[in-house]
Q: 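Dumping the structure here so I can ask a few things about it.
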Amino acid sequence: MRIATWNVNSLRSRIDRVEALLERHDLDVLLLQETKAREDQLPLMGLQSLGYDVAAAGFDQWNGVAIISRVGLADVSVGFDGMPGWGDSMTAEARAVGATCGDIRVWSLYVPNGRKPDDPHYVYKLDWLDRLHDAATAWLGTPTVLGGDWNLAPTDDDVFDITRFAHSTHVTPAERAAYRRFLDAGWTDLVEPHVKGADGFTYWDYYRQRFERNRGMRIDLVLGSPAVADRVTGARVDREERGGSDGHGNGASDHAPVIVDLAD
DNA sequence: ATGGTAGTTCCACTA
């Protein structure tokens with residue numbers, strides 16, 4: 001079984017790339033973030049003709065999430081028990097969608113960005129992560145994947161230059177501690193063992209030619225419960241999708257897809 | 001501290 005996660009930065013503007021990605025990598029499940037589309041705007045016909053079902057959430061804001069699967073899409077749930085509200089409930093629900101695909105429960109997550117360490121959104125981000133952690137404790141005993149844009153870099157090796165993040169989110173001790181709670185509880189980073197340091201970057205700012213200089217960050221993470229971690233046979237980042245054959249990434253998302261292979 | 005680019009609900013906001 002092959003699972004990927006990708007912050008697509010608008011599903012409508014990149015539907016052709018999504019369909020090509022599914023076919024190029026023979027994906028069974030694709031987790032998407034920043035879909036930026038209402039339910040009635042989702043371009044589904046091409047996906048369905050390729051044999052995929054789609055579950056989506058977050059239709060009325062920037063950070064919608066979706067699951068695309070050709071191995072079943074059952075028991076879809078939007079959000080998790082205890083997920084904190086931010087504004088109205090529709091907004092809060094936009095950040096997590098879960099479904100059972102084959103024999104695995106998958107979650108597509110868009111962790112709040114946090115904006116600035118002194119912004120209320122930063123407090124919301126930490127609270128959101130804590131509540132996800134608490135809800136996820138109940139899922140540890142079943143085959144479960146927590147994949148998506150976590151909007152945090154777990155270690156200094158996961159950013160191109162830590163001195164450039166002195167007053168930034170994504171690298172603060174509190175965010176990293178919130179993430180480490182998952183590891184301490186028994187979740188496993190399915191990708192890091194296979195792609196080290198700067199080779200594991202998944203996000204590069206569009207400007208200042210960050211991709212061309214590999215000045216990126218590893219913030220798109222895939223965690224697995226023990227039953228899933230035992231099945232990983234490989235993992236990689238699809239930089240071709242981010243950079244393109246011309247090396248400039250024309251028409252690309254600012255994130256690259258992350259792919260994980262699991263033994264059947 | 002600012003600004004750069006790309007996306008959207010498109011001259012304002014989010015990432």
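Every chain is numbered from 1 and lettered A, B, ... according to where its sequence line falls, protein lines coming before strand lines.
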Q: Look for any protein N or O under 3.5 Å of an N or O in nucleotides 12-15 of chain B and output each such pair with its distance, or none.
A:
| unit_1 | atom_1 | unit_2 | atom_2 | d |
| --- | --- | --- | --- | --- |
| B/dT14 | OP1 | A/Arg115 | NH1 | 3.4 |
| B/dT14 | OP1 | A/Arg115 | NH2 | 3.1 |
| B/dA15 | OP2 | A/Arg115 | NE | 3.1 |
| B/dA15 | O3' | A/Glu34 | OE2 | 3.2 |
| B/dA15 | O3' | A/Tyr110 | OH | 3.2 |

Q: Could you check how far CD of A/Glu212 sits from P of B/dG4, rounded to whole Å?
A: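 Spelled out: CD on A/Glu212 to P on B/dG4 is 17 Å.
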
Q: If the C1' atom of B/dT14 is compared with that of B/dC10, how far apart are they to the nearest Å?
A: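 Those two atoms are separated by 12 Å.
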
Q: What is the distance, to the nearest angstrom, from the CZ atom on A/Phe165 to the C1' atom on B/dA1?
A: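 Checked: the CZ to C1' distance equals 16 Å.
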
Q: What's the CH2-P distance between A/Trp204 and B/dA6, to the nearest Å?
A: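 After rounding, the gap between these two atoms is 16 Å.
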
Q: Before accepting this row, confirm whether a basic side-chain N of the pair A/Arg236/A/Asp199 lies closer than 4.0 Å to the acidic partner's carboxylate O.
A: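 Salt bridge between A/Arg236 and A/Asp199, a charged N being under 4.0 Å from a carboxylate O: no.
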
Q: Rounded to the Å, how far apart are A/Arg38 CZ and B/dG7 C1'?
A: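 Computing the A/Arg38:CZ to B/dG7:C1' distance gives 15 Å.
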
Q: Which whole-number value in Å describes the distance from A/Arg210 CZ to B/dG3 P?
A: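 Roughly 15 Å, once rounded to whole Å.
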
Q: In whole angstrom, give me the gap between the P atoms of B/dA1 and B/dA6.
A: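 Roughly 27 Å separates the two P atoms.
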
Q: Rounded to whole angstroms, how far apart are CD1 on A/Ile15 and P on B/dT8?
A: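 It is 13 Å, rounded to the nearest whole Å.
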
Q: Is a side-chain donor-acceptor pair under 3.5 Å present for A/Thr169 with A/Glu175?
A: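 Note: A/Glu175 and A/Thr169 side chains miss the donor-acceptor criterion.
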
Q: Think A/Arg12 has a side-chain N or O under 4.0 angstrom from the OP1 or OP2 of B/dG7?
A: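 Answer is no, no contact under 4.0 Å.
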
Q: I'd like to know whether A/Tyr203 forms a ring pair (Phe, Tyr, Trp, His ring centres under 6.0 Å) with A/Phe160, so could you lay out the CA-CA distance, the side-chain angles of the two residues, the decisive distance to 0.1 Å, and finally the verdict.
A: CA-CA 11 Å; A/Tyr203 164 78; A/Phe160 66 90; over 10 Å; no

Q: Would you find a donor on one side and an acceptor on the other, under 3.5 Å apart, between the side chain of A/Thr144 and the backbone of A/Thr142?
A: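 Checked: pair present.
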
Q: Find out whether the Lys NZ or Arg CZ of A/Arg105 is both under 6.0 angstrom from the six-membered ring centre of A/Trp107 and within 45° of the ring's axis.
A: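 Because its charged atom sits under 6.0 Å from the ring centre and within 45° of the axis, A/Arg105 does stack over A/Trp107.
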
Q: Look at the side chain of A/Arg2 and the backbone N and O of A/His25, then say whether any donor-acceptor pair between them is shorter than 3.5 Å.
A: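 Answer holds: yes.
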
Q: When you compare B/dG3 with B/dT8, how far apart are their P atoms, in angstrom units rounded to a whole number?
A: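 About 25 Å, rounded to a whole number of Å.
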
Q: How close do A/Gly200 and A/Val237 get, counting heavy atoms only, and between which atoms?
A: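 So the minimum-distance heavy-atom pair works out to O-CG2, 4.0 Å.
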
Q: Applying salt bridge (charged side-chain N to carboxylate O under 4.0 Å, His left out) as the test, list every pair that has at least one member in residues 42-58 of chain A; sequence neighbours left out.
A: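 Residue pairs passing salt bridge (charged side-chain N to carboxylate O under 4.0 Å, His left out), neighbours aside: none found.
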
Q: Nearest to the side chain of A/Gln41 - B/dT9, B/dG3, B/dT8?
A: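 Taking heavy atoms from C-beta onward, the closest nucleotide is B/dT9.
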
Q: My validator wants the stems of DNA chain B: runs of 3 or more consecutive Watson-Crick or G-U pairs, both distances under 3.5 Å, written as range with range.
A: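 The stems are B:5-7 with B:13-15.
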
Q: How about A/Tyr179 and A/Trp187: are their ring centroids closer than 6.0 Å?
A: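 No: the rings miss the under 6.0 Å criterion.
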
Q: Over how many whole Å does the gap from A/Phe211 atom CZ to B/dA6 atom C1' extend?
A: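 To the nearest whole Å, that distance equals 16 Å.
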
Q: How far, in whole Å, is B/dG4 from B/dT9 if one measures between their C1' atoms?
A: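 Rounded to whole Å, the distance is 23 Å.
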
